[in-house]
Amino acid sequence: MYRDLKGKVAVVTGGSKGIGKAIALRLAEEKMSVVINYYSDEKRANDSVEAIKEKGGKAVAVQADIGSESGATTLLNAAVENFGALHLWINNAGLENKAPTHELSFDDWTKVMKVNLNGVFLGSKASLNYFLEHDIKGTILNMSSVHDKIPWPTFAHYTASKGGVKLFTETIALEYAHKGIRVNNIAPGAINTSINAEKFKDDEARQQTLNMIPMDYIGKPEEVAAVAAWLASDEASYITGTTLYVDGGMTLYPSFEKGDG
Ligand code: BGC
């Protein structure tokens, strides 16, 4: 438990499933009030809210397209109207789809950029304005991926967006550090979520991924959520602009485990 988080207010974009859901549940366990943003999965978002309420926590599910300026405003307003303030904004929403780059439609490129990169900018902008206006030493947490540094053929739009998130994090961390606003980035590896569910149904594909993970297992959403709670808390009070890889060693050039180079 991080006692300083108690009573504070968080927005989690894409909070109805996967890593976002685990983060929302974890923050509620830390006694934060949570705005769980969803785009289309109303039922799952409501289920998370119920699960939180059953344990005596506070949460509300809010539909919004984080790729639009009005979506970010809707979420900020929901935090203030329901819980009276905002202290933590988690830019978690993200999408990916596979396509050889020479066949990748501009439409698909744009869809991914809209959520993964524009969404991070818009969420950050909305929360920064709130923090500055109310003199709050708030925190922003972004969610990139190991693919903010590992190239990933057939996912060029995804890697471009995630690389962008990393440097965007560093830039605004520097820009607002003197205001006491901390901005950090979590880079998950392969985690058991719906984004990977189809792929991991296939034993061969699953094994191929496992071969890239020195710790020999696919990560759990809760393992990412634990890092998010810590980075949001005062225990990490001197950390800003960092990217924390939560990947079981995936970024350690695992092929070197089996060869001398
Ligand atoms: C992607 C996953 C992938 C993992 C490791 C993540 O960013 O969302 O689909 O398994 O990176 O490649």
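For reference, positions follow the sequence shown, starting with 1. Heavy atoms only: backbone and side chains are in, while hydrogens, waters and symmetry mates are out. Atoms within each ligand, like the ligands themselves, are counted from 1 in listed order. Every value quoted in this text rests on a predicted model; they were computed, and no experiment measured them.
- Protein heavy atom in closest approach to atom 2 (C) of ligand 1: N196 OD1, 3.4 Å.
- Residues passing the side-chain hydrogen bond (donor to acceptor under 3.5 Å, both in side chains) test with K43 are D47, sequence neighbours excluded.
- Using cut-offs of 30° and 60° on the angle between ring planes, the pair H147 and W152 is parallel.
- Using a 4.0 Å cut-off between heavy atoms, K199 contacts ligand 1 through its side chain alone, with no backbone atom that close.
- Close approach of ligand 1 to S145 (heavy-atom distance below 4.0 Å) involves ligand atoms 6 (C), 7 (O), 11 (O).
- Atom 11 (O) of ligand 1 has its nearest heavy-atom neighbour, among H147, M250, E96, in H147.
- For the pair K125 and E69, the salt-bridge criterion is met [side-chain N within less than 4.0 Å of a carboxylate O].
- Applying the 6.0 Å contact sphere to CD of E204 captures no more than 12 heavy atoms from other residues, nucleotides or ligands.
- Residues in residues 234-261 take part in no ring pair (Phe, Tyr, Trp, His ring centres under 6.0 Å) pair, two or more places apart or across chains.
- Polar contact check, Y158 against ligand 1: a nitrogen or oxygen pair lies under 3.5 Å apart.
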